[in-house]
Amino acid sequence: MTLAIAAATPPPLTNNHNNSLIHLLNNNSTGIITMSHLKQIHAQTLRTIDTTNHPQALFLYSRILHYYSSLADLNYATRLFHHFGKPNSFMWNTLIRAYARSANHKHQAIELYKAMMLMMEEEVVPDHYTFPFVLKACAHTFSLCEGKQVHAQLLKLGYESDTRICNSLIHFYATCGCLDMALKIFQNMSEKSEVSWNVMVDSYVRAGEFDTALKVFGEMLKLHDPDGYTMQSVISACAGLGALSLGMWAHAYVMKKCDKNVAADVLVNTCLVDMYCKCGSLEIAQQVFERMPYRDVNSWNSIILGFSMHGKAEAALDYFFRMVKIEKFVPNSITFVGVLSACNHRGMVNEGLMYFDMMTKEYNVEPRLEHYGCLVDLFARAGRIQEALNLVSEMPIKPDAVIWRSLLDACCKQDASVELGEEMAKQVFEIEGSVCSGAYVLLSKLYASASRWNEVGLLRKLMSDKGVTKKPGCSLIEIDGVAHEFFAGDTTHPKSEDIYKFLNEIDEKLESMGYLPDYSGAHLVDETIDGKKSTLRLHSERLAIAFGLLNSRPGMPIRVFKNLRVCSDCHKVTKLISSIYNVEIIVRDRARFHHFKDGTCSCMDYW
Ligand code: ZN
Ligand code: ZN
């Protein structure tokens, strides 16, 4: 038996006072003890038992320390802890756990663990209670080095087959980016619990390895029924993949196979709302949201961000109004990212400024880089570059490469001076180094639009000298649950011949409507193959859309996911296709969603 367990067993009682105190402290499962009760009990204990080394005192003080910790009064708990010459393992564990759970003092848990290690000769030994807490603190503070030492120590003490500790190790390694190590521990576990599987699935989702997460989930299903945690991870993986039919399957699984508490769970439902938004199905997202038995701030954030991402600013702002004015939720930092980006996607500068003001003054939310980024982008894309620059120079946080890139992008779109654009590109290179392609592409567009072909050539040479590679454009489309991937000019798909034949047919129809290709957005850009302009028509989303038109059921919208921004020519063509073939086409690009219908796009050509 460990010391921690021993300390939790009361020694024989000698007087009635202590008897009732212990009874009270042991039976607080309903949480009736408040801080003022606790202080009274503490005072009473000090009066009745004066020596801290008395075995009964040790038990009572351990319980009092436990309650101070669970009431999150870490100062008081720490003072009480230090009051003891020799705190027992239970006390060490209690305090380590309290710090590991605290919001801002997780490092302290690691320091306490180190101090505990120095007490090993005094028979204070870390045990199966200690390790999960300290590993949690290591994970949350990304303390890889310390965590590895904890790992070595627990191996020395023979805890390598403790399931709970292994789960903590998996979580710790995965959080610190060592997924291989996490997997190794998982595979070597003699006994995996449901939690072990959940942690492993979740680790893959957090690392963005959605496919693998779903594979591990498939293995898990053979042994365990998934719970709410599992389903949250699985639904998030579907969202990450943009896999609507898989996401719908997960939704059906939650409704039919899971416990009814899982189906009503606020976190699971919030994940569903987020998934449907990210998979391009706003209607179902809305249905799930409206049917939720309970909602929290995150649920509101999901629906606001979802509508915002789809360029439906009015609906996003209506939800915000309902959230704060009718249902009286207090918005947080993420809510305002949703609200500001909704304004941004529609170029609503005045509204954006109004909400920024509301955020800081009415709700005391400290603006973060994302909020400033939205505002800078909002000014820049509305052509108010000088105001954007003023904001950048006034903001108290150092702008990141994203902000500079959005300014450079705006310079390109609005034919701003080349010198200004060069300055922006310089800032991007300073932050990201000069091997990232994005800023080169934008800069070359700017040179091209000013007909400075000499610079375009020099830039191209510089890129090849430095080994800068452009990210290939790639579009995904899911038909009957199977994902099909297309690159620009791709001929590897088994149905390639049909696709290209159909593209010719589309071209003829476009021509008869008087369409002329728009090369402005494609010069030297990502998908131009061998510099040939004719390849605009072979951009990855065009292949995916053509394949979708050939294979989707009539009346069903075509959903395409693209890793880069849609170019202006593809945007124009997709609008026309939506009207020629009377089909709704939903494209998720790097920045947002576009809903093409009847020859128009939901972004109103502002993207
Ligand atoms: Zn294109
Ligand atoms: Zn659009």
Side-chain angles (χ1 to χ4, degrees), residues 277 280 282 306-316 341-348 377 381-382 409 412-413 437-438 441-442 444-445 448-449 470-477 485-490 499-500 503 506-507 510 515-549 557-580 583-607:
C277 289
L282 274 183
F307 272 84
S308 155
M309 184 172 25
H310 285 263
K312 313 259 179 192
E314 289 78 7
S341 61
C343 297
N344 188 11
H345 285 315
R346 286 298 283 275
M348 295 153 63
D377 200 37
R381 294 205 294 155
D409 194 26
C412 293
K413 290 210 173 98
S437 69
V441 173
L442 289 170
S444 72
K445 269 164 83 174
S449 62
K470 287 173 284 181
K471 203 171 169 186
C474 170
S475 294
L476 267 179
I477 180 165
E485 193 176 46
F486 295 92
F487 288 89
D490 201 342
I499 296 169
Y500 279 79
L503 277 175
I506 295 175
D507 277 354
L510 289 172
Y515 151 80
L516 284 173
D518 169 6
Y519 298 112
S520 65
H523 189 88
L524 220 164
V525 189
D526 336 75
E527 293 184 71
T528 315
I529 306 160
D530 305 329
K532 283 186 214 145
K533 287 185 171 181
S534 62
T535 51
L536 263 182
R537 59 187 283 274
L538 302 183
H539 277 182
S540 61
E541 65 268 51
R542 304 248 191 127
L543 302 182
I545 290 169
F547 181 71
L549 284 169
I558 292 174
R559 290 188 171 80
V560 173
F561 297 88
K562 190 180 179 187
N563 63 339
L564 304 173
R565 242 180 219 210
V566 175
C567 82
S568 50
D569 189 63
C570 287
H571 197 266
K572 195 161 123 188
V573 165
T574 313
K575 283 198 292 187
L576 291 171
I577 292 177
S578 74
S579 125
I580 299 170
V583 62
E584 186 182 0
I585 303 170
I586 301 163
V587 178
R588 173 167 112 181
D589 75 0
R590 201 190 60 204
R592 56 171 297 151
F593 273 93
H594 300 262
H595 290 244
F596 298 93
K597 209 178 171 202
D598 304 325
T600 61
C601 179
S602 62
C603 74
M604 298 182 169
D605 300 335
Y606 188 90
W607 84 99

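Being a predicted model, the structure only gives us computed values, none of them experimental. Values below: every heavy atom of this structure, side chains too, minus hydrogens, waters and symmetry copies. Both counts, for ligands and for their atoms, begin at 1 and track the order of listing.
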If the condition is side chain to side chain donor-acceptor pair (under 3.5 Å), which residues does Glu485 pass it with, not counting sequence neighbours?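 For Glu485, no residue satisfies side chain to side chain donor-acceptor pair (under 3.5 Å) once neighbours in sequence are set aside.
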Name the residue from Val573, Thr574, Ile499 that meets the side-chain contact (heavy atoms from CB on, under 4.5 Å) definition with Ile545.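 The single option meeting the side-chain contact (heavy atoms from CB on, under 4.5 Å) with Ile545 is Thr574.
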How long is the straight-line distance from CG of Leu510 back to CD1 of Ile580, given to the nearest 0.5 Å?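 The distance works out to 4.5 Å.
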The Zn ion (ligand 2) neighbourhood, protein N/O/S only, threshold under 2.8 Å: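 Under 2.8 Å from the Zn ion (ligand 2) - ignoring waters, which are not counted - the protein N, O or S atoms are His571 NE2, His594 ND1, Cys601 SG, Cys603 SG.
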So does Lys572 get a backbone contact from the side chain of Asp605, meaning a donor-acceptor N/O pair under 3.5 Å?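 Answer holds: no.
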Metal-centred angle, the Zn ion (ligand 1) as apex - SG of Cys570, SG of Cys567, 10° resolution: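 The two atoms subtend 110° at the Zn ion (ligand 1).
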With a 4.5 Å cut-off on side-chain heavy atoms, are Glu541 and Ile585 touching?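 They are not in side-chain contact.
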pair Arg588-Met309: side-chain heavy atoms closer than 4.5 Å: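 Side chain of Arg588 against side chain of Met309, heavy atoms only: no contact under 4.5 Å found.
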What's the atom name of the N, O or S in His539 nearest to the Zn ion (ligand 1)?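 For His539, the N, O or S atom at the smallest distance from the Zn ion (ligand 1) is ND1.
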Taking the basic N atoms (NZ, or NE/NH1/NH2) and the acidic carboxylate oxygens, is any pair closer than 4.0 Å for Asp569 and Arg542?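 A salt bridge is present here (some side-chain N lies under 4.0 Å from a carboxylate O).
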